[in-house]
Amino acid sequence: MSRHGTTAAPDALTVDSLVRCFGAVRAVDGLSFTVPTGSLFALLGPNGAGKTTTVGVCEGLIRADSGTVRVLGRDPWREQSVLRPRVGVMLQAGGAHGAARAGEALRLVARCAAHPHDPGELLELVGLSAAARIPVRRLSGGQAQRLGLAMALVGRPELLFLDEPTAGMDPQARHLVWDLLRAARADGVTIVLTTHLMDEAELLADRVLIVDGGRAVAEGTPAELTGSAIRVGFVTAPGLDLAPLRAALPGTVVTETAPGRYLVSGDVPPTVATTVTTFCTDAGAPPQSLQVGPRSLDEVFLELTGREVRS
């Protein structure tokens, strides 16, 4: 019981010691996490990290080898029929038949729900009213993604799984989708999001889990993962002698991370921007850009999972 005398809502999703193998490959290796009701949870990782397999188990599409998964308090593999009306799923590949018109596809899904949103209103919300009569196969990538989101939302799900929801979208469409997700969360919908866009996860997520090799490597709020330490990045001519800047900024680490790209980290003083600008000017190479702030989630992700491109 809470201090107000009401029972706290159970977690919408609980994953405990999940293991799933494909032959000799251990795709998910003892993964555990929980997603509180009404939160937006981002599951991040490089290709092959185990994200898709984990979500597939949670959606009831893949059977776990061991461990426990509970979706809205139920077993997603054994109780699919009970969970199906309560869970929305948006696949990156869409899901609607290519010959169906966009509006028809959404209305068909709506007819399968007990208390659906109005399909016409939802098409308008996702910016597809003008495309309602266009066959799905003729939609652009971004339009198909927005239709997929509408199909996942139309049944008023309690829990929503999203796989790369803004892939292929222009900035305007991305912001529209972000606003829709914020509104859904405000209405109490729990959202589990996978994305390769670190700025998207940093902006939207209440908590983030980074996985690699089927295991958790970091979990926390975006602020907890990025930390409070200030870092300074600047771009100027490559190959500068950094000794004068290091002498002027004791307690910091100054490196050239790539040709012409420099990073100052550590005990960064408030006057760092002025010091860096003076150093560059004295070197005859005024900075082309200068950024002062904490680490981004993108930097944290690369530090934890490496820079090697995964197939």
Side-chain angles (χ1 to χ4, degrees), residues 12 40 42-43 51-53 55-62 71-72 76 80-197 200-201 203-204:
L40 195 153
L43 181 61
K51 305 185 303 298
T52 300
T53 300
V55 172
V57 172
C58 295
E59 293 170 347
L61 303 176
I62 301 173
V71 174
L72 303 175
Q80 294 180 43
S81 60
V82 176
L83 286 171
R84 195 171 294 118
R86 304 174 64 190
V87 176
V89 177
M90 177 188 175
L91 303 175
Q92 187 178 349
H97 193 283
R101 299 180 191 273
E104 293 172 344
L106 184 59
R107 286 193 295 273
L108 176 62
V109 176
R111 284 199 292 270
C112 297
H115 305 287
H117 287 288
D118 180 86
E121 292 179 1
L122 200 50
L123 278 177
E124 185 174 354
L125 279 176
V126 299
L128 289 177
S129 292
R133 297 184 60 79
I134 296 177
V136 171
R137 64 170 174 265
R138 291 178 51 199
L139 297 175
S140 69
Q143 287 175 322
Q145 285 295 94
R146 281 181 278 150
L147 176 61
L149 177 58
M151 292 170 68
L153 285 170
V154 72
R156 301 183 188 270
E158 298 170 49
L159 175 60
L160 183 61
F161 289 100
L162 304 176
D163 182 14
E164 299 285 341
T166 60
M169 291 187 186
D170 59 28
Q172 291 85 353
R174 285 182 70 194
H175 281 273
L176 183 151
V177 168
W178 292 346
D179 288 343
L180 285 174
L181 297 186
R182 291 189 186 101
R185 181 176 53 182
D187 285 341
V189 179
T190 305
I191 301 172
V192 177
L193 164 76
T194 65
T195 180
H196 287 299
L197 302 175
E200 182 168 85
L203 182 68
L204 296 176

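- Residues Thr195 and Glu200 bring a donor and an acceptor atom of their side chains to less than 3.5 Å of each other.
- The distance from atom CG of Leu123 to atom NE2 of His117, rounded to the nearest 0.5 Å, is 12.5 Å.
- Annotation for Pro119 and Leu106: closest pair O-CD2, 3.5 Å, computed over non-hydrogen atoms.
- Between the Gln143 side chain and the Ser140 main chain, a donor and an acceptor come within less than 3.5 Å of each other.
- Using a 4.5 Å cut-off on side-chain heavy atoms (C-beta onward), Pro76 and Leu83 make contact.
- In terms of modelled atom types and a separation under 3.5 Å, the side chain of Arg146 and the main chain of Gly127 share a donor-acceptor contact.
- For Gln145 and Thr166, the side-chain atoms include no donor-acceptor pair closer than 3.5 Å.
- In terms of heavy-atom proximity, Pro157 sits nearest to Ala152 at CG-O, 3.4 Å.
- With contacts defined as side-chain heavy-atom distances shorter than 4.5 Å, the pair His196/Lys51 qualifies.
- In this structure, the side chain of Asp118 engages the main chain of Gly120 through a donor-acceptor pair within 3.5 Å.
- No donor-acceptor pair under 3.5 Å is formed between the side chain of Glu124 and the backbone N or O of Ser129.
- For the pair Arg182 and Leu204, the minimum side-chain heavy-atom distance is below 4.5 Å.
- Of all non-hydrogen atoms in Ala131 and Ala102, the two that sit nearest each other are O-CB, 3.5 Å.
- What you find for Ala113 and Pro116 is that their closest heavy atoms are O-CD, 3.6 Å.
- With rounding to the nearest 0.5 angstrom, the CZ atom of Arg133 is 7.5 Å from the CD atom of Glu104.
- Heavy-atom minimum distance, Leu153 versus Ala184: CD2-CB, 4.5 Å.
- Atoms CG and CZ, on Leu40 and Arg185 in that order, are 5.5 Å from each other to the nearest 0.5 Å.
- Within the 4.5 Å cutoff, no side-chain heavy atoms of Val87 are placed close to those of Glu158.
- The CG atom of Leu159 sits 9.5 Å away from atom CZ of Arg86, with the distance rounded to the nearest 0.5 Å.
- Two residues are said to be in side-chain contact when any heavy atoms from C-beta on lie closer than 4.5 Å; Leu43 and Leu193 fail this criterion.
- At a threshold of 4.5 Å between non-hydrogen side-chain atoms, the residues Thr52 and Val55 do not count as touching.
- Within the 4.5 Å cutoff, the side chain of Arg174 has heavy atoms near those of the Leu197 side chain.
- Applying the side-chain contact (heavy atoms from CB on, under 4.5 Å) criterion to Leu176, with sequence neighbours excluded, gives Leu180.
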Assess whether side chain to side chain contact (heavy atoms under 4.5 Å, CB included) is satisfied between Met90 and Met151, documenting all intermediate values. CA-CA 8 Å; Met90 177 188 175; Met151 292 170 68; over 6 Å; no

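- Contact check for Leu181 versus Leu149: side-chain heavy atoms found under the 4.5 Å cut-off.
- Residues passing the side-chain contact (heavy atoms from CB on, under 4.5 Å) test with Ala99 are His97, Arg137, sequence neighbours excluded.
- Taking CG of Leu147 as the start and CZ of Arg101 as the end, the distance is 14.0 Å to the nearest 0.5 Å.
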